[in-house]
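Report on the following structure.
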Amino acid sequence: MAKADKPKLLERIKADIIKQNICPDLAQEATQLVFGDGNPDADIVLIGEAPGKNEDQQGLPFVGAAGKFLDEMLAGIGLKREDIYITNIVKYRPPGNRDPYPDEKTAFLPFLSAQLEVIKPKLVITLGRHSMDSLLPGLRISECHGQPKRFKGQVYLPLFHPAAALYNGAMRQTLIDDFAKIPRVLAAI
Ligand code: URA
């Protein structure tokens, strides 16, 4: 797929979510769809859970406290937002920031898969349990974080969610240490 076509193809997937009225209850309560952001030709795609309040207001993923922490960790390995692509499994904010329901994750999965099909990253990084469960079913994040997994031809790196790690000293250091493995994992692919 030509690099120049990727933004247009991603726009089409975004339009399809709206046209097909995916998760209408979530859509009705949300300010807007938070589709994804970053470089459509990136080697790395990061996938979070669902937009929070700031993301819902700005229409961009990971722009709140967890996003700031994520930016710091990216900078630690010499990367900026423009170098990666970032999105969520569920693309509307769940009311009150509740966990996404299984049927909501299932409803958005074909669109996430379509995004990955367009971007064709070398490495998919799942952030937290929800995004890992959707893409790598049957694993336990406590046991497999920081360990690359190959599944159906795609390399994944499951990591803890930055929001969960933000105020938990031990998990925070584990996430920072796992993040530092990204360049080596990418180089080995
Ligand atoms: N947490 C997420 O999982 N995604 C966001 O976009 C923001 C916070």
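Scope of the values below: all heavy atoms of this structure, side chains included, with no hydrogens, waters or symmetry mates. Remember, it's 1-based here, ligands and their atoms both numbered in the order they're listed.
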One thing to verify: whether Lys80 and Asp83 come together as a salt bridge, which I'm taking to mean a side-chain N less than 4.0 angstrom from a carboxylate O. no
Ring-face cation of Arg98 near Tyr101 (centre distance under 6.0 Å, axis angle within 45°): yes
With heavy-atom distances below 4.0 Å as the criterion, list the atoms of ligand 1 near Gly48. 3 (O)
Criterion salt bridge (charged side-chain N to carboxylate O under 4.0 Å, His left out) on Asp178 and Lys181, from CA distance to verdict: CA-CA 5 Å; Asp178 284 348; Lys181 297 176 189 166; 3.1 Å; yes
Does Lys19 come within less than 4.0 Å of Asp16, counting only side-chain N to carboxylate O? yes
Ala66-ligand 1 polar pair, N/O distance under 3.5 Å: no
Per-atom contacts of ligand 1 with Pro61, taking only distances under 4.0 Å to non-hydrogen atoms: 6 (O)
Please work out which of Lys53, Glu49, Glu55 has its closest non-hydrogen atom nearest to atom 7 (C) of ligand 1. Glu55
For ligand 1, find out whether one of its N or O atoms is nearer than 3.5 Å to an N or O atom of Phe62. yes
Is it the case that Gln58 and Asn54 place a side-chain donor and acceptor less than 3.5 Å from each other? no
So the atoms of ligand 1 within less than 4.0 Å of a heavy atom of His161 turn out to be 1 (N), 2 (C), 3 (O)
Quick test: of every protein heavy atom, which one is nearest to atom 4 (N) of ligand 1, and how far off is it to 0.1 Å? Asn88 OD1, 2.7 Å
Heavy-atom nearest option to atom 2 (C) of ligand 1, drawn from Gly67, Ala50, Ser131, Gly36: Ala50
Taking the six-membered ring of Phe160 as reference, does the cationic atom of Arg129 (NZ for Lys, CZ for Arg) lie under 6.0 Å from its centre and within 45° of its axis? no
